[in-house]
Visitor: 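Sharing a structure here in structure tokens format.
Atoms considered below: every heavy atom in the structure, side chains included; atoms not considered: hydrogens, waters and symmetry mates.
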Amino acid sequence: PGYGFLSEQAAFAQACQDAGLVFVGPSPKTLHLLGDKVEARRIAEAAGVATVPGSPGRVSPEEARRLAPRVGFPLLIKAAAGGGGKGIRLVEREADLEQALRTAAAEAQASFGDDGVYIERYLDPVRHVEVQVIADSYGNAVHLGERECSVQRRSQKVVEESPSPAVDEELRRRLGEAAVAIARESAYANAGTVEFLLDRDGNFYFIEANARLQVEHPVTELVTGLDLVREQLRVAAGEPLGFSQEDVMLKGWAMECRITAEDASRGFLPCLGRVEGLTEPAGPGIRVDSALFRGWEVGPHYDSLLAKLCAWGETRREAIARMRRALGEYVIAGVQNTLPFHRQLFEDADFLAGRIHTRFLESRSAAAVAPCEDEREALIAAAIVAHERRKQAQGNHAARPSNPWKQAGLRSATERVGGRNWRSTF
């Protein structure tokens, strides 16, 4: 699958292999190793890459209590099989350790079918910087530069850019060499990402490897000129990489905003509904990755991501200017979304200057701080109920004559040419 629900499932990759099919991704063994964050840490250490100080492996509650004073507070409890920011708890003081362990383990079990957790020191302030790698089955591996992913909310990335404003050529070389070393140590083949924490002194620490193509891969494509999906398919087809590390050149600057169906003014309340109007931005350096169309129903069963809005420029300043223009042109009507939040973010002086870290949003606005888990679950439930009631009410209305253009999510000929300006309807 390359990326998506099954992209990091070792059992699925093995089933494909057993059926004589080609899985677009690394081997089942590599997926199994990197899918366990504790095993991934051991691979990094074997490759000579520093990891965040913490427990040597999974911990029981008793072991966590014993190790916590040595690791030091604040610390993080993290799901061993985790990803996407799930199964992570920040523990500020020893009195909160027991409850945090139970909560993290329960979330890990619900999300990944594995309640194993480990602990590591909480580093703050730090940046989240990741390196895109790609490797073939013949021992060739290269890195494609770094991505800055520090603008996050509850460990979920919000804005990404490449390159990072905090990384110079020497640091880029060291980060890239570390990422490639981990790829080689894990016998990695295909596209993947190695993630690091970067402190103010230029020290970096491995945190995890994602054995798939990530949401933010377009920014790497924009600055390298490479089509990562194409390269994935070439590697999966048994072809060697068609380029070396010396061939990889970074040009310009790229940024990506994740547009989600959430209301940032209300604690990022999940929002449902029908897309009643849509205007996507265009122009030099603008790229929109989306499946949205008028009439599309945003339901409760999938991730809240609606679109990825990307902007490229010769410089970071130009990329920001183009992103601002694109955010101003973008219209998604009928469903609350995070476009207003991104417009406000791109006016923030510290963000514009690149002075960011992983708790940047929490320090800027109360709206960026998510509600507690119980409140979040209640908000999601309320949104689903409202969505179902609206659908039921629509079903009770008298049937209207069908319009095949509307059913297909397209504008009618009258709306497209002449007649009333369709944009004015929303």
Visitor: What I want to find out is whether Arg172 reaches Glu169 closely enough, with some N-O distance under 4.0 Å, to be called a salt bridge.
Guide: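 Yes.
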Visitor: Test Asp348 against Phe346 for side chain to side chain contact (heavy atoms under 4.5 Å, CB included), laying out the working first.
Guide: CA-CA 6 Å; Asp348 184 277; Phe346 272 75; over 6 Å; no
Visitor: Counting C-beta onward and ignoring hydrogens, is there a side-chain heavy-atom pair between Pro284 and Arg322 closer than 4.5 Å?
Guide: yes
Visitor: What is the distance from atom CZ of Arg121 to atom OG of Ser55, rounded to the nearest 0.5 Å?
Guide: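 Answer for the CZ-OG pair, Arg121 versus Ser55, is 12.5 Å.
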Visitor: What pair of heavy atoms forms the shortest contact from Phe23 to Ala236, and how long is it?
Guide: O-CB, 4.5 Å
Visitor: Check Ala311 against Ala319 and note the closest heavy-atom contact, atom names and distance.
Guide: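 That would be CB-O, 3.6 Å.
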Visitor: Under 4.5 Å between any side-chain heavy atoms of Thr315 and Ile320, yes or no?
Guide: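 No. Closest side-chain heavy atoms not under 4.5 Å.
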Visitor: Take Glu195 and Gln214, measure what side-chain hydrogen bond (donor to acceptor under 3.5 Å, both in side chains) needs, and give me the verdict at the end.
Guide: CA-CA 11 Å; Glu195 304 196 349; Gln214 289 193 277; 3.2 Å; yes
Visitor: Answer with yes or no after comparing the ring centroid distance for Tyr205 and Phe196 against a 6.0 Å cut-off, counting only values under it.
Guide: no
Visitor: Does any N or O in the side chain of Asp199 come within less than 3.5 Å of the main-chain N or O of Asp201, such that one atom is a donor and the other an acceptor?
Guide: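 Side chain of Asp199 to backbone of Asp201: a pair is present.
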Visitor: Could you go step by step and tell me if Glu216 and Lys308 meet the salt bridge (charged side-chain N to carboxylate O under 4.0 Å, His left out) rule?
Guide: CA-CA 8 Å; Glu216 57 273 21; Lys308 301 185 292 186; over 6 Å; no
Visitor: Check whether any side-chain heavy atom of Phe73 sits under 4.5 Å from a side-chain heavy atom of Glu92, and report yes or no.
Guide: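 They are not in side-chain contact.
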Visitor: Any ion pair linking Arg89 and Asp96 (charged N to carboxylate O, less than 4.0 Å)?
Guide: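 Salt bridge between Asp96 and Arg89, a charged N being under 4.0 Å from a carboxylate O: no.
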Visitor: If I compare all heavy atoms of Leu97 with all of Ala64, which pair ends up nearest, and what's the gap?
Guide: CD2-O, 4.0 Å
Visitor: Apply side chain to side chain contact (heavy atoms under 4.5 Å, CB included) to the pair Asp36 and Arg58, showing each step before the final yes or no.
Guide: CA-CA 10 Å; Asp36 187 306; Arg58 297 178 181 223; 2.6 Å; yes
Visitor: So, Thr220 versus Gln132: side-chain donor-acceptor pair below 3.5 Å or not?
Guide: no
Visitor: With heavy-atom distances below 4.5 Å as the criterion, would you say the side chains of Phe341 and Val158 are in contact?
Guide: yes
Visitor: Is the closest side-chain heavy-atom distance between Thr279 and Glu329 below 4.5 Å?
Guide: no
Visitor: Please report the closest heavy-atom contact between His128 and Glu130, naming both atoms and the distance.
Guide: NE2-OE1, 4.0 Å
Visitor: Side-chain contact, heavy-atom cut-off 4.5 Å: Phe204 with Leu175?
Guide: yes
Visitor: Pair Leu213, Ser7 - check side chain to side chain contact (heavy atoms under 4.5 Å, CB included), show working.
Guide: CA-CA 8 Å; Leu213 204 63; Ser7 59; over 6 Å; no
Visitor: Nearest 0.5 Å please: distance from the CG atom of Leu241 over to the OG atom of Ser137.
Guide: 9.5 Å
Visitor: Using the rule side chain to side chain donor-acceptor pair (under 3.5 Å), only one of Gln232, Arg212, Arg234 pairs with Asn190; which is it?
Guide: Gln232
Visitor: Is a donor on one side and an acceptor on the other found under 3.5 Å between the side chain of Thr193 and the backbone of Asn210?
Guide: no
Visitor: Check this for me: does any side-chain nitrogen of one of Lys86 and Glu107 sit under 4.0 Å from a carboxylate oxygen of the other?
Guide: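 Glu107 and Lys86: not salt-bridged.
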Visitor: Count the heavy atoms of every other residue, nucleotide or ligand shown that sit under 6.0 Å from CZ of Phe351, and state whether that count exceeds 12.
Guide: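 Yes, CZ of Phe351 has more than 12 neighbouring heavy atoms, counting only those of other groups under 6.0 Å.
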Visitor: At what distance, to the nearest 0.5 angstrom, does CG of Leu228 lie from OH of Tyr3?
Guide: 10.5 Å
Visitor: Any Lys/Arg nitrogen of Glu161 or Arg147 sitting under 4.0 Å from an Asp/Glu carboxylate oxygen of the other?
Guide: no
Visitor: Please round to the nearest 0.5 Å and tell me the distance separating atom CG of Leu272 and atom OG of Ser304.
Guide: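 Reported to 0.5 Å precision, the distance equals 10.5 Å.
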Visitor: Before you tell me yes or no, could you show the steps for Gln99 and Thr103 under side chain to side chain contact (heavy atoms under 4.5 Å, CB included), namely the whole-Å CA-CA distance, both residues' side-chain angles and the distance that decides it to 0.1 Å?
Guide: CA-CA 6 Å; Gln99 180 60 43; Thr103 305; 3.0 Å; yes
Visitor: So, Arg258 and Glu160, do they make that salt bridge, N to O below 4.0 Å?
Guide: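 Glu160 and Arg258: salt-bridged.
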Visitor: Would you call Arg153 and Glu262 a salt bridge, taking side-chain N to carboxylate O under 4.0 Å as the test?
Guide: yes
Visitor: Can you tell me if Arg317 has over 12 outside heavy atoms packed within less than 6.0 Å of its CZ?
Guide: no
Visitor: Taking all heavy atoms of Val223 and all of Ser162, pick out the closest pair and write down the distance.
Guide: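 Result for this residue pair: CG1-O, 3.4 Å.
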Visitor: Minimum heavy-atom separation for Leu345 and Val159, please, with both atom names.
Guide: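 Where Leu345 meets Val159 most closely, the heavy atoms are CD2-CG2, 3.6 Å.
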Visitor: Could you give me the CA-CA distance, side-chain angles and deciding distance for Asp350 and Arg364, then say whether salt bridge (charged side-chain N to carboxylate O under 4.0 Å, His left out) is met?
Guide: CA-CA 10 Å; Asp350 285 330; Arg364 312 310 287 180; 3.0 Å; yes
Visitor: Looking at Ala106, is its backbone amide N or carbonyl O close enough to the side chain of Gln109 to form a donor-acceptor pair, meaning the two atoms are under 3.5 Å apart?
Guide: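 Judged by distance alone, no pair lies under 3.5 Å.
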Visitor: Is a salt bridge present between Lys157 and Glu148, judged by a nitrogen-to-oxygen distance below 4.0 Å?
Guide: no
Visitor: Output yes when Glu280 and Arg287 qualify as a salt bridge under the 4.0 Å nitrogen-oxygen rule, no when they do not.
Guide: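 Here Glu280 does not pair with Arg287 in a salt bridge, since their nearest N and O are not under 4.0 Å apart.
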Visitor: Is it the case that over 12 heavy atoms from other parts of the model lie below 6.0 angstrom from the CZ atom of Arg173?
Guide: yes
Visitor: To the nearest 0.5 Å, tell me how far Leu198 CG sits from Leu123 CG.
Guide: 11.0 Å
Visitor: Is Glu276 salt-bridged to Arg294, cutoff N-O under 4.0 Å?
Guide: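 Between Arg294 and Glu276 there is no salt bridge, as every charged N stays at least 4.0 Å from the carboxylate O atoms.
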Visitor: Between the side chains of Gln152 and Thr358, does any donor sit under 3.5 Å from an acceptor?
Guide: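 No donor-acceptor contact under 3.5 Å links the two side chains.
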Visitor: Measure the spacing between CD1 of Ile119 and CG of Leu75 and express it to the nearest 0.5 Å.
Guide: 5.5 Å
Visitor: Looking at Glu314, is its backbone amide N or carbonyl O close enough to the side chain of Glu318 to form a donor-acceptor pair, meaning the two atoms are under 3.5 Å apart?
Guide: yes
Visitor: Checking the side chain of Arg343 only, and the main-chain atoms of Leu327 only, is there a donor and an acceptor separated by less than 3.5 Å?
Guide: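 Yes; at least one donor-acceptor contact below 3.5 Å.
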Visitor: Under 4.5 Å between any side-chain heavy atoms of Glu221 and Leu226, yes or no?
Guide: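 Counting from C-beta outward, Glu221 and Leu226 never come under 4.5 Å.
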Visitor: Using the salt bridge (charged side-chain N to carboxylate O under 4.0 Å, His left out) rule, take Arg174 and Glu177 through it: C-alpha gap first, then chi angles, then the decisive distance, then the call.
Guide: CA-CA 5 Å; Arg174 290 167 49 216; Glu177 289 177 352; over 6 Å; no
Visitor: Side chains of Ile43 and Leu34: does their closest heavy-atom pair fall under 4.5 Å?
Guide: yes
Visitor: Give a yes or no on whether a salt bridge exists between Glu45 and Arg42, defined as a side-chain N under 4.0 angstrom from a carboxylate O.
Guide: no
